[in-house]
Amino acid sequence: MTGKLQSLLSKKGQIKRIGVVGMGYVGIPAAVLFADANEFDLVLGFQRASKTSGYKIDMLNRGESPLKGNEPGLEELLKKVVNAGKFKCTSDFSRISEIDAVTLAIQTPFANPKDLEPDFSALNAGIRNVGKYLRPGILVVLESTITPGTTDGMAREILEEESGLTAGEDFALAHAPERVMVGRLLKNIREHDRIVGGIDEASTERAVELYSPVLSKGKIIKMTATAAEVTKTAENTFRDLQIAAVNQLALYCEAMGINVYDVRAGIDSLKGEGITRAILWPGAGVGGHCLTKDTYHLERGVKIRDGELDYPDGMDSIYVLARKVNDFMPKHMYHLTVDALRRIGKRPEGSKVAILGWAFINDSDDARNPPSELYRDLLLEAGAIVAVHDPHVMSYPGVELHRDLDEVVRGVDCISIMTGHLDYFKLDPLRLKEMTGQMNPVIVDGRNVIEPDEFINMGFVYKGIGRGDKNGHEIRTLE
Ligand code: SAJ
């Protein structure tokens, strides 16, 4: 921490005017919560007037949220702060020079999921824009999920290059990763603990001053910027690891002819006195935009690190292995499908398969990195005829999505449940069998949705993830 920055911040006084760059799922709720805090006078939402998202500027200034889906309280709060003149959206980045603190919440998706390299171009452009108009005494905070080392590395370099100022002396710089989930954006920002990490103590303290007013139940957890980046990527890496652990257990249980859900209940029973096993749920795969990429951010952070990594020579990271196990699960669903069809003398080629569920998560329309995609690709490659049902996902490039379940299952050889949507828990075995018109239709359950015996007793050929106790059942032929 240098005296120069401290004295600049003291001279500037309390944070009163805030800028939020990136009017998306993270930026908009953050901006309206800052604007609703009495501690602050004005919040400017910065949004590029681009063809694809420039429309948000007028919408937001009318007090209308451009976000899809239901976000409790967001539109009311947005109208309130717009009417109070405390929030305004603009594409004029030069107004950054008039604010005290600016946060950047810009997506860092994979350019190409195959090579797992993040596309930092939008974030870099945002940082460069901030750098251009940066003034002494301003606090810059990155909220996007980024590779550890980015704040104190690439971001610092761009800001210094564009502004001619020095981080930690002329301006404060920190990372405060977002932890919001669609459908509960405002609640998450208010109630989750907030990790706040500056490149130095003065930056950390200034970021604490910025975020404290918007927290209701949440507490501030202070650390360095790089530690904050590792925390964010690691908290999702750990979740992915936990899911992989139970997915591998499910595969073992299938091979050993036992029910993984009995084992899971047994393991989960060992708790109390500070012991826990935190066992999650096996399934048809792991999708979404968090768990599928954050492990690789963490792995990249270690690669670009300064210090020496002491780790067994040539051994895969358990985190990368976890990703490989989870990415195997849609393939395992395909193997279960092939086995089941073989039991009734059929092959994938020419068979009709109904996929139930395209969203990566139950009862949601979010279809980012859906496990169903690999499963569908494998079926198509094998010459199967595939139809996809999802009650929530409206569209997906290159995939025809059906809303009418009867239409999708009519005359099929196999029904595969890939997402645990509520609708699928109500599947009626007799009606479903009649719809397929088959003596022994196949059903493959990727999310523990159905009760196996109800379908086996109706003549279905059943396969379920982790159901080693049922997957080899006798096939019943009903008159
Ligand atoms: N999944 C399983 N088994 C489980 C849990 C999830 O197979 O036991 C699968 C889901 O089907 C889905 C994928 O993993 O395909 C991801 O599910 P998720 O519940 O982790 O949902 P995400 O990807 O939206 O994760 C977000 C993360 N939140 C943020 O990054 C701010 C994550 O940190 C949260 O823990 C998670 O939501 C949550 O708990 O809701």
Side-chain angles (χ1 to χ4, degrees), residues 24-27 29-30 69 71 105 107-110 113 143-146 176-195 218 228-251 260-261 264-265 267-268 277-298 319 322-323 325-330 332-333 356-375 390 392-393 417-422 424 445-449 464-466:
Y25 278 98
V26 179
E71 288 300 340
Q107 273 243 25
T108 54
F110 277 132
E143 292 195 355
S144 310
T145 303
I146 45 184
E178 54 82 13
R179 283 173 147 179
V180 295
M181 273 151 274
V182 167
R184 39 198 203 264
L185 299 173
L186 290 183
K187 180 175 164 46
N188 285 167
I189 294 177
R190 286 176 169 137
E191 298 182 4
H192 277 168
D193 289 347
R194 192 76 197 233
I195 309 294
E229 292 162 334
V230 172
T231 301
K232 171 64 189 181
T233 49
E235 70 190 16
N236 285 339
T237 298
F238 270 57
R239 184 168 172 82
D240 195 55
L241 182 62
Q242 287 173 306
I243 298 168
V246 69
N247 276 337
Q248 181 159 342
L249 184 64
L251 298 175
V260 72
Y261 296 96
R264 182 189 182 284
I267 292 171
D268 195 41
R277 289 294 180 271
I279 185 164
L280 291 177
W281 298 93
V286 171
H289 54 296
C290 304
L291 275 57
T292 54
K293 68 177 175 51
D294 288 1
T295 295
Y296 296 112
H297 275 307
L298 179 61
Y319 304 140
R323 285 275 65 241
V325 168
N326 289 335
D327 283 349
F328 173 72
M329 297 314 283
H332 178 58
M333 284 291 289
L356 306 192
W358 194 258
F360 86 88
I361 197 155
N362 306 348
D363 304 317
S364 161
D365 67 352
D366 197 333
R368 280 175 278 194
N369 302 308
S372 304
E373 188 155 39
L374 172 58
Y375 177 64
D390 194 292
H392 305 289
V393 181
I417 302 167
M418 288 296 289
T419 311
H421 289 319
L422 209 57
Y424 304 146
D445 187 356
R447 296 287 177 191
N448 192 33
V449 162
I465 292 225

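The first residue in the sequence is number 1, and the count goes up from there. Both ligands and their constituent atoms are indexed starting at 1 by order of listing. The figures here come from the full heavy-atom set of this structure, side chains too, leaving out hydrogens, waters and symmetry mates.
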Atom pair CE (M333) and CZ (R447), whose distance is rounded to the nearest 0.5 Å: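 If I round to the nearest 0.5 Å, the distance is 8.0 Å.
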
What residue and atom, counting heavy atoms only, is the protein's closest point to [atom], and at what distance?
atom	answer
atom 23 (O) of ligand 1	F360 CE1, 3.6 Å
atom 3 (N) of ligand 1	W281 O, 2.8 Å
atom 38 (C) of ligand 1	M181 SD, 3.5 Å
atom 1 (N) of ligand 1	I243 CD1, 3.6 Å
atom 7 (O) of ligand 1	R447 NH1, 3.3 Å
atom 20 (O) of ligand 1	R239 NE, 2.6 Å

R179 and N188: CA distance, side-chain angles, deciding distance, side-chain contact (heavy atoms from CB on, under 4.5 Å) verdict: CA-CA 7 Å; R179 283 173 147 179; N188 285 167; 5.9 Å; no

Report the member of [options] with the shortest heavy-atom distance to [atom].
atom	options	answer
atom 21 (O) of ligand 1	T292, I361, T237	I361
atom 25 (O) of ligand 1	D240, V182, L291, T419	L291
atom 29 (C) of ligand 1	E178, E235, K232	K232
atom 27 (C) of ligand 1	N236, I465, V180	N236
atom 13 (C) of ligand 1	G288, G287, P177	G287

Considering the heavy atoms of [X], write down every atom of ligand 1 situated less than 4.0 Å from one of them.
X	result
R184	40 (O)
R179	31 (C)
G285	7 (O), 9 (C), 15 (O)

Heavy atoms, side chains only, cut-off 4.5 Å: are Y319 and F238 in contact?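 Yes; the side chains approach each other to less than 4.5 Å.
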
Are side-chain heavy atoms of R239 and D294 found at a separation under 4.5 Å?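 Answer no - side chains too far apart.
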
Evaluate the salt bridge (charged side-chain N to carboxylate O under 4.0 Å, His left out) criterion for residues E191 and R184: first the C-alpha distance (whole Å), next the side-chain angles of each, then the deciding distance (0.1 Å), finally the verdict. CA-CA 10 Å; E191 298 182 4; R184 39 198 203 264; over 6 Å; no

At under 4.0 Å between heavy atoms, which part of [X] makes contact with ligand 1: side chain, backbone, both or neither?
X	answer
K293	neither
M418	neither
V286	both

Would you call the rings of F360 and H289 parallel, tilted or perpendicular if under 30° counts as parallel and over 60° as perpendicular?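 Taking H289 first and then F360, their aromatic rings stand perpendicular (interplane angle over 60°).
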
Could you give me the CA-CA distance, side-chain angles and deciding distance for I189 and R194, then say whether side-chain contact (heavy atoms from CB on, under 4.5 Å) is met? CA-CA 8 Å; I189 294 177; R194 192 76 197 233; 4.3 Å; yes

Is it true that, when you exclude Y261 itself, more than 12 heavy atoms of the residues, nucleotides or ligands shown sit nearer than 6.0 Å to its OH?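 Counting neighbours around OH of Y261, more than 12 heavy atoms of other residues, nucleotides or ligands fall under 6.0 Å, so yes.
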
